[in-house]
Amino acid sequence: MRSLHHRSDRLRAIDALVDRRPPLPLWLAAVVAIATGPVLDAGFPDRGVWPLTFVGIALVLLSLMGRSVGGALLVGFLAGESFYLIHIEWATAYLGPVPWAALSTLEAIFFALGAVLITLAYRWIPRAFPGIGGRVWLTAAVVAALWTARETLVSTWPYGGFPWARMALSQSESPFAPLVAWVGFSGLSFLMVLLMALALQLAATAELPTVSRVGTAVLAVIAVLVVPAWPTATTGSMRVAAIQGNGPAGYFDAAAPGTVMQTQIDETLQVLDADVDVVVWPEGSADLDPQRVPQSAAALDALSRRMDAPFVVGAISQRGDRYYNSSLLWDAADGVRDVYDKKHPVPFGEYVPDRKFWEPFAPDLIGLIQREYTPGTKDNVFDIDGVLAGISICFDIADDQLTRDAVAGGARIVFAQTNNADFGQTDENQQQLAIARLRAIESARSVVNISTVGTSQIIGPDGATIDSIPAFRPGSMVSEVPLVDTVTPSMAFGHQLEVFIGGMGLASLVLAGFAARPRRVSNRPRT
């Protein structure tokens with residue numbers, strides 16, 4: 001009997017420890033959640049103050065500690081809505097405020113559901129595993145895994161997902177950027193949240209000496225930062241000319257057909273005598289499809305013949321009654337040598353999924369999107385005279401699997417063709433460039449990020465800028481670009497790591513929920 005009483009007293013002590021009152025009352029947690037949005041956004045380009053992303057993560061986690069399910073839903077929704085409304089404000093430049101608000105709200109709902117899981121982890125993990133290791137390390141790891149699982153879900157679902165605001169994307173120019181070659185985007189998000197969750201758990205563990213708590217937190221950061229950059233030994237080079245015509249390429253630009261292509265031609269004429277292996281034009285640059293318009297084909301033939309090099313150009317392809325956002329490998333001898341059709345067209349931008357369902361909600365806006373692009377099925381690798389190049393069209397660059405597919409297909413360089421004209425001088429341009437930079441580091445492949453209007457850059461396999469063209473100015477980049485054959489751990493095992501992180505978080509939460517349940521029952525007052 002005495003041992004049973006002793007065990008009961010110990011369990012009550014553990015519950016008292018893990019069921020402490022929230023560090024922030026609900027009203028203050030709501031205020032902090034709203035304030036978190038601009039803090040998190042400031043960590044991303046264009047401001048790019050990357051340490052603020054860590055501050056924002058810590059503020060979100062602090063507001064979720066000790067919350068009820070309802071409180072977590074409220075706090076999570078406010079934090080998510082505040083963040084997304086600011087972070088993707090550029091969406092208003094394309095179709096106005098309704099799609100922007102709708103997308104932000106949808107993402108905020110997912111953020112809120114993820115917040116509930118994190119709150120439950122804070123409640124259940126320390127109770128199920130009451131030792132220092134469980135309350136500090138395991139709790140932090142599960143919280144980070146659940147955050148990452150939510151990011152992974154919204155990056156792929158619904159309608160292909162929206163992977164734009166993952167925490168890792170704020171770190172393209174930080175000391176943490178090289179980690180993506182080892183652990184990928186999801187792995188970097190996990191490590192970022194892990195460091196902040198660990199710091200908060202250490203701060204709350206009063207029985208540990210202050211020196212131990214501070215020392216552990218510092219050592220954790222150092223352990224992450226001392227991971228060496230993936231070695232990017234080059235196995236050759238390719239001389240690339242990338243052309244930014246700065247034409248009127250926006251969806252609502254009232255330009256005559258062929259105007260965008262003419263601006264590309266005009267700028268290409270400035271480098272006509274350059275000795276290059278390939279010329280790369282942006283997405284939609286051949287606005288008169290050379291597969292169907294003889295004058296367009298003749299112009300490309302003349303340029304290709306004069307420069308003695310193939311062209312990689314963006315065009316809208318039509319096959320039967322289907323339209324595709326395509327990249328064409330073209331030369332004077334053969335015309336179209338290869339075609340890649342964009343595999344990840346943007347929902348509600350390049351096509352309307354479930355149009356009959358959504359159109360009644362915003363008929364005028366949905367009606368603007370008349371041309372429905374069909375997702376491509378072809379591989380995203382071109383053979384350019386013996387050099388395999390991965391092809392990415394605009395939003396493709398944010399899709400993890402497409403980069404892995406290109407590298408698995410033997411790509412030694414990546415051509416990222418895009419058209420940012422619809423978003424003007426907003427942050428979208430710099431945010432996409434940051435994704436391209438991280439893709440270069442993650443894959444250890446040079447990325448030629450070429451836009452109709454900029455900002456265009458050639459990025460080396462280590463993430464360094466080789467050449468660039470300012471935004472909204474015509475220009476060209478002619479550079480010797482490194483080629484790499486090695487496969488990074490992220491390219492080889494990134495998907496498996498992503499599945500492991502998410503599975504570990506969810507499985508640990510479920511197990512902890514069951515393990516903690518008997519303790520709640522055993523501690524009921526006797527009658």
Side-chain angles (χ1 to χ4, degrees), residues 7 10-23 54 57-58 60-69 72 76 113-153 167 179 183 186-210 212-224 227 496-520 522-523:
R7 180 175 181 273
R10 181 173 175 270
L11 293 178
R12 288 193 185 96
I14 291 170
D15 283 347
L17 181 65
V18 300
D19 289 338
R20 60 185 182 276
R21 297 183 62 179
F54 290 89
I57 292 169
V60 172
L61 298 181
L62 184 66
S63 348
L64 294 175
M65 288 180 170
R67 298 260 78 88
S68 65
V69 169
L113 295 175
V116 171
L117 297 182
I118 288 172
T119 288
L120 292 177
Y122 276 128
R123 185 186 306 170
W124 291 346
I125 300 295
R127 182 181 287 118
F129 304 96
I132 293 294
R135 285 187 286 128
V136 176
W137 288 97
L138 182 59
T139 299
V142 172
V143 164
L146 294 172
W147 183 303
T148 307
R150 190 264 309 165
E151 283 193 353
T152 300
L153 174 65
M167 295 299 103
L179 290 166
V183 297
S186 291
L188 179 53
S189 285
F190 171 78
L191 290 174
M192 292 170 66
V193 180
L194 175 65
L195 291 176
M196 292 299 94
L198 178 62
L200 290 174
Q201 291 304 105
L202 287 167
T205 309
E207 65 264 39
L208 287 177
T210 302
S212 298
R213 288 184 280 168
V214 173
T216 301
V218 171
L219 286 174
V221 174
I222 292 174
V224 170
V227 175
Q496 292 88 330
L497 178 62
E498 193 173 64
V499 171
F500 172 77
I501 289 172
M504 180 274 290
L506 293 170
S508 297
L509 183 66
V510 171
L511 289 173
F514 281 108
R517 188 176 179 182
R519 291 180 176 173
R520 290 196 295 270
S522 66
N523 289 331

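When reading the values below, keep in mind they use all heavy atoms of this one structure, side chains included, and skip hydrogens, waters and symmetry mates.
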Of all residues at least two apart in sequence or in a different chain, which pass the side chain to side chain contact (heavy atoms under 4.5 Å, CB included) check with [X]?
{"X": "Leu219", "answer": "none"}
{"X": "Leu511", "answer": "none"}
{"X": "Val227", "answer": "Leu179, Trp182"}
{"X": "Ala145", "answer": "Phe190, Ile501, Met504"}

Please answer whether the main-chain N or O of [Y] pairs with a side-chain N or O of [X] as donor and acceptor at a distance below 3.5 Å.
{"X": "Ser212", "Y": "Leu208", "value": "no"}
{"X": "Arg135", "Y": "Thr205", "value": "no"}
{"X": "Arg150", "Y": "Leu146", "value": "no"}

Side-chain heavy-atom pair [X], [Y] within 4.5 angstrom cut-off:
{"X": "Leu506", "Y": "Val510", "answer": "no"}
{"X": "Val136", "Y": "Thr216", "answer": "no"}
{"X": "Tyr122", "Y": "Gln201", "answer": "yes"}
{"X": "Leu202", "Y": "Val214", "answer": "no"}
{"X": "Trp147", "Y": "Leu117", "answer": "no"}

Looking at every non-hydrogen atom in both residues, tell me the closest pair between [X] and [Y] and how far apart they are.
{"X": "Thr119", "Y": "Ser68", "result": "CG2-O, 4.3 Å"}
{"X": "Ile125", "Y": "Gly134", "result": "CG2-O, 3.7 Å"}
{"X": "Met65", "Y": "Pro23", "result": "O-CD, 3.6 Å"}
{"X": "Leu497", "Y": "Val183", "result": "CD2-O, 3.5 Å"}
{"X": "Gly76", "Y": "Ala115", "result": "CA-CB, 3.7 Å"}
{"X": "Arg123", "Y": "Arg127", "result": "O-NH1, 3.5 Å"}

(request) Please list, chain by chain and in numerical order, all residues satisfying side chain to side chain donor-acceptor pair (under 3.5 Å) with Glu498, sequence neighbours excluded. (result)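 Side chain to side chain donor-acceptor pair (under 3.5 Å) check on Glu498 returns Ser186.
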(request) With sequence neighbours left out, write down each residue that passes side chain to side chain donor-acceptor pair (under 3.5 Å) with Ser189, or none if nothing qualifies. (result)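 Only Glu151 meet the side chain to side chain donor-acceptor pair (under 3.5 Å) criterion with Ser189.
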Rounded to the nearest 0.5 Å, what separation is found between the [atom1] atom of [X] and the [atom2] atom of [Y]?
{"X": "Ile118", "Y": "Leu509", "atom1": "CD1", "atom2": "CG", "value": "10.5 Å"}
{"X": "Thr148", "Y": "Leu153", "atom1": "OG1", "atom2": "CG", "value": "12.5 Å"}
{"X": "Leu195", "Y": "Leu200", "atom1": "CG", "atom2": "CG", "value": "11.0 Å"}

(request) Decide yes or no on side chain to side chain contact (heavy atoms under 4.5 Å, CB included) for Ile132 and Trp137, but give the supporting numbers first. (result) CA-CA 8 Å; Ile132 293 294; Trp137 288 97; 5.6 Å; no
